Each structure stands twice: as C-alpha cells, then as structure tokens.
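Comments concern the structure below.
Just so you know, these numbers come straight off a predicted model, no measurement behind them.
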Amino acid sequence: MSKISISQKFELFTEEWTPKVIAESNGQLVKIAKGSGELVWHQHENEDELFIVFKGHLTIQLRDKNIELDVGDMFVVPKGVEHCPRAEPDTHFMMIEPSSTAHTGELESDVTVSSEDQKWI
C-alpha cells in the first residue's frame with residue numbers, strides 16, 4: 001500500500017481518450033485520461049460513469065443538454081444514458097466506474113480502447 005500522486009500519473013502518458021487504470025476499489029476502477037476534441041456518442045447499459053476534471057474543461061454532451069465541467073467539478077452519467085465527452089485541448093480527467101464498463105459501451109469504433117488494452121500505470 002502506498003499513496004498515489006494523480007498529477008504524477010498524468011505525466012506518464014500523452015495519449016488522448018485512452019483510459020489508464022490507477023486504482024481499484026470494491027470492483028470499481030479508477031481511471032485517468034487526457035482528451036481534446038470529441039470522443040464518440042455511446043452509452044453504458046449497465047453501469048454509471050463518474051467524471052471528475054483535474055485540468056481544462058470537459059463537456060458531457062447529452063441528447064437534451066450539455067453538462068459543463070471545470071477543474072474540481074464532477075458528474076455521474078447514469079447507466080443507459082447516451083453521452084459524448086468533448087474536451088478543450090489538454091483536458092485531464094478521472095473516471096470511476098465498474099470494472100465491467102466498456103470504453104465506448106457496445107459501440108466499436110477506431111477510438112475504442114478494449115478493456116484488455118486499458119493499461120495500469
């Protein structure tokens with residue numbers, strides 16, 4: 001057991017929209033990612049997804065409204081709700097979600113990162 005420096009973990013990678021696992025607690029994975037631009041519209045049928053912003057600005061686009069997140073803000077996308085994250089350049093954020101959560105839900109695209117390819121750092 002040792003503490004985790006989230007800021008140091010963000011320094012370990014440059015890829016965008018590629019979640020990195022930094023911890024696990026009670027079947028929930030704690031992941032960090034960087035983003036610029038838009039991911040893809042998708043949903044998670046069986047899992048909620050929590051977002052916390054550490055740097056920049058993240059918009060969680062929903063079909064009926066946008067949720068604007070600045071540093072220190074968080075939002076939970078309820079299971080089954082279609083969403084599309086959009087980030088200002090070099091936005092850093094955390095996601096907390098069940099280990100069963102697929103990156104882009106059932107949608108497979110060229111930006112999808114399989115669970116097996118979401119590396120621990």
Checklist outcome for this item: The complete set of salt bridge (charged side-chain N to carboxylate O under 4.0 Å, His left out) pairs with one or both residues in residues 3-13, sequence neighbours excluded, reads none

Next on the checklist: Would you say Val71 ends up clustered with Phe10 if hydrophobic residues are merged whenever their side chains have heavy atoms under 4.5 Å apart, either directly or through other cluster members?
Outcome noted: no

Item to check | For Glu16, all residues meeting salt bridge (Lys or Arg N to Asp or Glu O under 4.0 Å), sequence neighbours excluded | outcome: none

Item to check | Atom of Trp17, atom of Phe93 and distance for their closest heavy-atom approach | outcome: CZ3-CZ, 3.5 Å

Next on the checklist: I'd like to check the salt bridge (Lys or Arg N to Asp or Glu O under 4.0 Å) partners of Asp90; sequence neighbours left out, ordered by chain and number.
Outcome noted: Lys55

Checklist entry - Where is the tightest heavy-atom contact between Ser36 and Pro89, given as atom of each residue plus distance? => result OG-CA, 3.1 Å

Checklist entry - Could you give the distance from CD (Gln28) to CD (Glu47), rounded to the nearest 0.5 Å? => result 9.5 Å

Checklist entry - Considering residues at least two apart in sequence or located in another chain, which fulfil the salt bridge (Lys or Arg N to Asp or Glu O under 4.0 Å) criterion with Glu15? => result Lys20

Next on the checklist: Glu82: which residues meet the side-chain hydrogen bond (donor to acceptor under 3.5 Å, both in side chains) condition with it, sequence neighbours left out?
Outcome noted: Arg63

Checklist entry - Is the Phe51 ring parallel, tilted or perpendicular to the His83 ring (thresholds 30°, 60°)? => result perpendicular

Item to check | Considering all heavy atoms, the nearest Pro78-Val76 contact | outcome: CD-O, 3.3 Å

Checklist entry - Going hydrophobic residue to hydrophobic residue with side-chain gaps under 4.5 angstrom, can you get from Ile52 over to Leu29? => result no

Checklist entry - Quick one: does His44's side chain have a donor or acceptor within less than 3.5 Å of a partner on Gly80's backbone? => result no

Checklist entry - Could you give the distance from CG (Asp48) to CD1 (Ile96), rounded to the nearest 0.5 Å? => result 12.0 Å

Item to check | ILVMFWY cluster, Met94 and Phe75 together (side-chain gap under 4.5 Å) | outcome: no

Checklist entry - Roughly how far apart are Ile4 CD1 and Ile6 CD1, rounded to 0.5 Å? => result 7.5 Å

Checklist entry - For the residue pair Lys65 and Ile67, what are the closest heavy atoms and their distance? => result CE-CD1, 3.9 Å

Checklist entry - How many angstroms lie between SG in Cys84 and CD in Glu38, if you round to the nearest 0.5 Å? => result 3.5 Å

Checklist entry - Any donor-acceptor pair under 3.5 Å linking the side chain of Thr59 with the backbone of Glu68? => result no

Checklist entry - Sequence neighbours excluded, which residues qualify as side-chain hydrogen bond (donor to acceptor under 3.5 Å, both in side chains) partners of Ser25? => result none

